[in-house]
Amino acid sequence: MGNIIFDKLNEQQIKAVKVVNGPVMAVAGAGSGKTRVLTNRVAYLIDEIGIPSNHILAITFTNRAADEMRTRIFRLINCPITGIWLSTFHAMGAKILRYDINYLGYGNDFQIIDDDDAIIVVKTIMKRLDYDVKKFSPKAIANLIESAKADETILTLNHMIPKDMLNIIFDEYQKFLQGNNLVDFQDLLVLVLKLFRNYPEVLKKYQDWFQYILVDEFQDTNDLQYEIVYLLAKNHRNLFIVGDEDQSIYAFRGANIQNIKKFMTDFPEHQKIILNQNYRSKTTILDAANAVIKHNRNRIPKDLFSTLGEGDKIIHFKAESDDEEAYYIYNKIKQLSKAGLPFRDMAVFYRNNAMSRKFEDILLKYNIPHKVIGNISFYKRKEIKDIIAYLHLLVNRGDDYAFSRVYNEPRRGIGEMTFDRMVDYAKQHNLKLMDVIEADVDLFPQSTMERLKTFKTIIDELHDNLETVNLLVTYDTLLDKSGYMGMLKMEGLSGEKQLEAQRRIDNLNEFKTVILEKIKEYDSSISNTEKLIQILTELALREEAEVALNDDDYVSLMTMHSAKGLEFKIVFLTCFEQTLFPSNQSLMERTDIEEERRLFYVALTRAKDQVVITNAKSRFMYGHYQENLDSEFIAEIDDKLVEHLGLAKPRKRFAAWDKTEVESRSVPAVAPGYVPTQNDLVIGDKVRHQVFGEGIIVMIDQDKATIAFKTPVGIKILMKDHPSIQKV
């Protein structure tokens, strides 16, 4: 092969490929060609150095990335390779366990269960032990068990689940899996680590087997994954990691950004190679990204650079309202399309999924082809379809389709057999399903009939009170009385599932905004029932208008997390306001702010040609009106790189959590002439309000304090010396 593989590599990439022995840390900036380095390194080890392919272990985080690496390696050495372990962590774990799980008392023909299977197992155990599966969510308990397998101290913490109960179920779950020769996904790592720690001969076998180990996206590894890699490499030291602290954005999944520091400590003789030439973005974008990420502390310094040209300034457009923000983005997309740019080269990013709704609505209204990536359209999400079905029942209790969707959602112990009997009886007697409950027929056990009657009572009472209260009150009552909101809160007790439950709660809160917006459009003289019917009709027509995309030319809508690994010519970064991005929860801790800043850095570096940042002076979100400050991240970009449009104005940077910077801010921490009284507050102070809870001071203006409270309160301007405010 000679030097053919080096033709398209820069000097630092070549160095990373050619260092054969010892630990190597390749700090790979965004768009710096890390996959090219990894694949060329594997090809170099096999083809140039003569390392047998079955002595190489290459680990990445997705099956797609593993397949891409395998294809590229085959192409580089012009022949298929056999024996190399190139896979995800979990696939590697499964393979090791197939060989050696017998040491742990399992059979080698074990089966792997998924998350849904795990919930079923937990529910079965709870029923056998006579625990109430309606009071204590099997899904929430399964989530806690998953977390506790990696860290058993979780079993000692305070949860909504009693400790004794959780410990008993945990033990029974473990016994059930081993007794039935089953493993779950967490076991694929936990049991491998147990093998390595308890059976030195097994560890030695794999240490000798894997002479050269490569790990992609090292900043995304969790503690279990780090420990497995460390044990495998600690003797021969031939560990090559590719990572970038600045792109560590998955702490909510258990990723530990400190693993890069651990590597540096555990392998002090490592060589560090900085890959900072970016092959994706124009210089203006990279200068902005560099300026932003420098505000994070204790990172490995690097400045991305490019030879692709300077590029246009970053646009910051501030709208009067969220409606104007959405229209601005639509108009910009339309202009770019008319100029010849394909829709596929444009993307709209937002911090969380609930924020997609406004942009989906405007693009659908004007027939711009679009697709929600990494999730489904706002109105097609399960929780939204469920709540729409409930609303259909409120205005038409004879809607059998709506009944069929929510009679046991959340779970009420009304099974499919009961439902099938109801359907058969209703057909025979020409009744609606709700009428079957009212008929009180002798089809079911008394306990089942009581559950059905309870469900019907909830719907009846909401229907009867529809005209006596505001529709928003009806909506909140529905979420409460149906148990739907309580179900989601139970599901979000721990771990990664907590974030998913919060996303679903955010979506339900955002649907409240949909109702509010529609109400404002209707004649105030019409009844609440008529308003609700009109809302449901419009939503049905909207769904009908959503036609399938015939090709791949569409605008992509996605969260910033989903954008990792992708690239587009034009990127719109939306909803850039304090409490939205960074979120109000993040404002409380510096480490959380830094994670949000890394997310901004990742979002910026997805763009090839131009970035457009948008926000709004005011917006309706999560069912209430908000007025938020501009995101502090905007001010971290050098103003010479930004073109301010709309209401946008240059603003000096401040960091709400960093009191050391108070002196240098453009807004004084304390206004001239101010005489301190009982609340001598400054920007960055944490406070507690008797009604709104904990918050943080983001601005002081004489006797008024602007305070960022947690969702759903948001930003409030209050008298700073009011007795209801106490400094924490």
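Since the structure is predicted, the reported quantities are computational estimates derived from the model, not experimental observations.
In this structure, Lys649 does not pair ionically with Asp630, as no charged nitrogen and carboxylate oxygen lie closer than 4.0 Å. For Lys382 and Glu409, the salt-bridge test passes: some basic side-chain N is under 4.0 Å from an acidic carboxylate O. For the pair Arg503 and Glu500, the salt-bridge criterion is met [side-chain N within less than 4.0 Å of a carboxylate O].
For Gln610 (side chain) and Lys313 (main-chain N/O), a donor-acceptor pair under 3.5 Å exists by modelled atom type. Of the possible donor and acceptor atoms, none in the side chain of Glu636 sits under 3.5 Å from a partner among the backbone N and O of His295. With Asn256 contributing its side chain and Asp223 its backbone, the two residues share no donor-acceptor pair below 3.5 Å. When atom types are taken as modelled, the side chain of Glu596 and the backbone of Ser583 share a donor-acceptor pair closer than 3.5 angstrom. Of the possible polar contacts, one joining the Gln578 side chain to the Glu632 backbone as a donor-acceptor pair under 3.5 Å is found. Here the side chain of His561 pairs no donor or acceptor atom with the backbone of Tyr250 at under 3.5 angstrom. Under a 3.5 Å cut-off, the side chain of Asn290 and the backbone N or O of Leu304 do form a donor-acceptor pair. Remark: the backbone N or O of Ala607 is paired with a side-chain donor or acceptor of Ser281 at under 3.5 angstrom. Asp506 places no side-chain N or O within donor-acceptor distance of the main-chain N or O of Ala354, the cut-off being under 3.5 Å. Between the side chain of Gln219 and the backbone N or O of Asp244, at least one donor-acceptor pair lies under 3.5 Å.
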Kindly determine whether Phe576 and Phe633 satisfy ring pair (Phe, Tyr, Trp, His ring centres under 6.0 Å), including the steps that lead there.
-> CA-CA 8 Å; Phe576 263 59; Phe633 296 152; 7.2 Å; no
Determine, step by step, whether Arg357 and Tyr350 satisfy the side-chain hydrogen bond (donor to acceptor under 3.5 Å, both in side chains) criterion, reporting the C-alpha distance in whole Å, the side-chain angles of both residues, the deciding distance to 0.1 Å, and the verdict.
-> CA-CA 10 Å; Arg357 199 265 311 173; Tyr350 32 81; over 6 Å; no
Stepwise side-chain hydrogen bond (donor to acceptor under 3.5 Å, both in side chains) test for Thr153 and Asp151 = CA-CA 5 Å; Thr153 60; Asp151 179 8; 2.5 Å; yes
Checking side chain to side chain contact (heavy atoms under 4.5 Å, CB included) for the pair Glu360/Ser377: CA distance, chi angles, key distance, verdict?
-> CA-CA 8 Å; Glu360 286 184 63; Ser377 169; 2.5 Å; yes
Passes side chain to side chain contact (heavy atoms under 4.5 Å, CB included), Ile613 versus Asn615? Steps please.
-> CA-CA 7 Å; Ile613 299 174; Asn615 59 358; over 6 Å; no
Using the salt bridge (Lys or Arg N to Asp or Glu O under 4.0 Å) rule, take Lys481 and Glu461 through it: C-alpha gap first, then chi angles, then the decisive distance, then the call.
-> CA-CA 10 Å; Lys481 297 290 186 183; Glu461 288 180 353; 5.8 Å; no
Side chain to side chain contact (heavy atoms under 4.5 Å, CB included) between Ile285 and Val571: does it pass, once the steps are laid out?
-> CA-CA 11 Å; Ile285 295 168; Val571 167; over 6 Å; no
Steps toward salt bridge (Lys or Arg N to Asp or Glu O under 4.0 Å) verdict (Asp312, Lys282) | CA-CA 8 Å; Asp312 295 331; Lys282 298 287 180 68; over 6 Å; no
Before giving the answer on side-chain hydrogen bond (donor to acceptor under 3.5 Å, both in side chains), spell out for Thr574 and Glu325 the whole-Å C-alpha distance, their side-chain angles and the decisive distance to 0.1 Å.
-> CA-CA 8 Å; Thr574 65; Glu325 178 188 30; 5.0 Å; no
Run the salt bridge (Lys or Arg N to Asp or Glu O under 4.0 Å) check on Glu594 and Arg597 step by step: do they pass?
-> CA-CA 5 Å; Glu594 291 196 348; Arg597 187 177 286 110; 5.1 Å; no
Check the pair Tyr366 / Asn331 against side-chain hydrogen bond (donor to acceptor under 3.5 Å, both in side chains), numbers first and verdict last.
-> CA-CA 10 Å; Tyr366 291 103; Asn331 282 318; over 6 Å; no
Please walk me through it: do Arg619 and Thr513 pass side chain to side chain contact (heavy atoms under 4.5 Å, CB included)?
-> CA-CA 10 Å; Arg619 72 173 66 243; Thr513 306; over 6 Å; no
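The shortest heavy-atom contact between Ile526 and Gln534 is CD1-NE2, 3.5 Å. The two residues Leu681 and Ile697 come nearest to each other via the heavy atoms CD1-CD1, 3.9 Å. Across all non-hydrogen atoms, the minimal contact from Gly243 to Ile260 is C-CD1, 4.5 Å. In terms of heavy atoms, Asn222 sits closest to Gly254 at CB-O, 3.2 Å. The two residues Ala563 and Met558 come nearest to each other via the heavy atoms CA-SD, 3.5 Å.
Taking the six-membered ring where the residue is Trp, Phe511 and Tyr379 present perpendicular rings, their angle passing 60° and hence far from 30°. Below 30°, between 30° and 60°, or above 60°: for Tyr330 and Tyr327 the angle between ring planes is above 60°, a perpendicular geometry.
A 4.5 Å side-chain heavy-atom check between Leu580 and Met355 finds at least one atom pair inside the cut-off. Using a 4.5 Å cut-off on side-chain heavy atoms (C-beta onward), Tyr475 and Leu479 make contact. Looking at heavy atoms from C-beta onward, Met485 lies in side-chain contact with Asn509 at the 4.5 angstrom threshold. Between Glu217 and Lys564 the shortest side-chain heavy-atom distance falls below 4.5 Å. Considering only heavy atoms from C-beta on, Glu146 stays 4.5 Å or farther from Ile154 through its side chain. Side-chain contact between Phe581 and Met560 is present, with at least one heavy-atom pair separated by less than 4.5 Å. Taking 4.5 Å as the limit, some side-chain heavy atom of His644 sits within range of a side-chain heavy atom of His316. Looking only at side-chain heavy atoms (C-beta outward), Asp246 and Asn296 stay at 4.5 Å or farther from each other.
With Ser356 as the partner, the side-chain hydrogen bond (donor to acceptor under 3.5 Å, both in side chains) test is satisfied by one option alone out of His370, Arg381, Glu510: Arg381. For the pairing with Glu245, the side-chain hydrogen bond (donor to acceptor under 3.5 Å, both in side chains) check across Arg299, Lys261, Gln258, Lys302 returns one residue only, Lys261.
Atom NZ of residue Lys727 and atom NZ of residue Lys686 lie 13.0 Å apart, to the nearest 0.5 angstrom. Taken to the nearest 0.5 Å, the CG atom of Leu472 stands 4.5 Å off from the CD1 atom of Ile519. Rounded to the nearest 0.5 angstrom, Leu629 CG and Thr706 OG1 are separated by 6.0 Å.
Under a cutoff of 6.0 Å and an axis angle of 45°, Lys262 and Tyr226 form a cation-pi pair.
At most 12 heavy atoms of other shown residues, nucleotides or ligands fall within 6.0 angstrom of atom NZ in Lys617.
Scanning for side-chain contact (heavy atoms from CB on, under 4.5 Å) contacts around Glu567 gives Arg280, Lys608, with sequence neighbours left out. Residues passing the side-chain hydrogen bond (donor to acceptor under 3.5 Å, both in side chains) test with Ser562, sequence neighbours excluded: Thr559.
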